[in-house]
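For reference, the structure is listed below as structure tokens.
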Amino acid sequence: MARRILPILASQLLVFFISSFSATPVTGEDEGFARSLDRKLLGLKKEKLSHFRFYWHDIVSGRNPFAVQVVPPASNASSGFGKAQGLYASASQKEPGLLMVMNFAFIEGKYNGSTITILGRNSLFSAVREMPVIGGSGLFRFARGYVQARTHTFDVKTGDATVEYNAYVLHY
Ligand SMILES: *[C@@H]1O[C@H](CO)[C@@H](O)[C@H](O)[C@H]1NC(C)=O
Ligand SMILES: *[C@@H]1O[C@H](CO)[C@@H](O)[C@H](O)[C@H]1NC(C)=O
């Protein structure tokens, strides 16, 4: 796709919410709280498959970094904890394996205002890392699919990286 689509990769403060709530286990349509809907009522017509290509800029150096470490690594951990746009956290003891939780937010064109949400494991030393697309908003309601991430450039000195993301998304 020729159009340039920039994911928003702004630094955000991390806030963890831990909550517990209970729900009364009621099931069945006759209970009055659930009903079948014709998908056309939500404007859902034919599911389509789209391919997007993003360049993900993980700039950690300089005066305006895109990613900031919010939780320092444990003293004997072999890899660091950190976060980017949504967040990424080191989730592996033995190798750089990240838990990625992020949104690709479209800021122009047809998809402006819509988002794609990715949650998965990013094994940094693998040439291609696959992560699930677990949903989306706006034009990506009910989205599912996967992304493949490939490191495009990596500056060992600064830690700055550019990662190519190819996203394959089924959506309406
Ligand atoms: C360091 O690792 C060892 C086991 O590998 C563990 O028992 C210990 O609690 C760790 N220390 C810290 C500060 O995480
Ligand atoms: C994208 O949408 C926002 C919010 O509606 C709007 O302010 C902005 O101008 C739009 N950007 C483009 C490039 O259309």
Side-chain angles (χ1 to χ4, degrees), residues 1-19 21 33-71 81-91 98-122 124 127-155 158-172:
M1 164 150 188
R3 203 184 309 126
R4 189 179 57 112
I5 299 170
L6 290 180
I8 297 175
L9 297 171
S11 305
Q12 304 283 338
L13 269 184
L14 265 189
V15 183
F16 290 103
F17 293 99
I18 299 173
S19 60
F21 43 86
F33 66 91
R35 65 188 168 124
S36 294
L37 268 190
D38 186 331
R39 64 182 65 193
K40 290 196 192 86
L41 286 175
L42 290 183
L44 307 175
K45 288 169 204 142
K46 201 165 178 289
E47 200 173 30
K48 49 187 173 275
L49 175 65
S50 299
H51 172 209
F52 303 95
R53 190 187 310 156
F54 308 97
Y55 286 94
W56 195 91
H57 302 282
D58 191 21
I59 309 299
V60 294
S61 66
R63 284 198 309 169
N64 188 24
F66 289 13
V68 181
Q69 184 179 84
V70 288
V71 184
F81 287 80
K83 65 106 191 143
Q85 90 139 112
L87 63 96
Y88 55 76
S90 180
L98 304 178
L99 166 70
M100 309 285 294
V101 183
M102 62 181 172
N103 295 313
F104 282 161
F106 289 77
I107 55 171
E108 60 180 44
K110 172 181 167 187
Y111 298 104
N112 188 11
S114 299
T115 63
I116 293 173
T117 300
I118 290 143
L119 188 153
R121 176 168 188 268
N122 187 352
L124 288 179
V128 183
R129 287 91 70 186
E130 185 172 316
M131 289 165 270
V133 169
I134 60 160
S137 68
L139 291 173
F140 298 108
R141 288 173 182 171
F142 296 108
R144 59 207 164 95
Y146 65 96
V147 298
Q148 288 182 322
R150 292 172 177 82
T151 302
H152 189 253
T153 56
F154 178 63
D155 186 327
T158 61
D160 295 348
T162 302
V163 182
E164 179 184 328
Y165 272 80
N166 282 282
Y168 300 88
V169 186
L170 281 169
H171 61 105
Y172 287 95

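Residues take their numbers from the sequence shown, with the count starting at 1. Counting starts at 1 for both ligands and their atoms, following the listed order.
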Numbered atoms and elements of ligand 2 in range of Ile107, under 4.0 angstrom, heavy atoms = 1 (C), 11 (N), 12 (C), 13 (C)

Criterion ring pair (Phe, Tyr, Trp, His ring centres under 6.0 Å) against Phe52, the qualifying member of Phe140, Tyr146, Tyr165 = Phe140

Tyr111 vs Phe106 aromatic rings, parallel, tilted or perpendicular, using cut-offs 30° and 60°?
-> tilted

Verify atom 12 (C) of ligand 2: protein non-hydrogen atom under 4.0 angstrom away | yes

Give a yes or no on whether the backbone of Lys40 and the side-chain of Asp38 come within a donor-acceptor separation of less than 3.5 Å.
-> yes

Trace of the side chain to side chain donor-acceptor pair (under 3.5 Å) decision for Ser114 with Arg141 | CA-CA 9 Å; Ser114 299; Arg141 288 173 182 171; over 6 Å; no

Find all atoms of ligand 2 within a distance of less than 4.0 Å from any non-hydrogen atom belonging to Glu108, and give their numbers and elements.
-> 13 (C)

Among all protein heavy atoms, pick out the one at the shortest distance from atom 9 (O) of ligand 2; state its residue, atom name and that distance to 0.1 Å.
-> Asn112 ND2, 4.8 Å

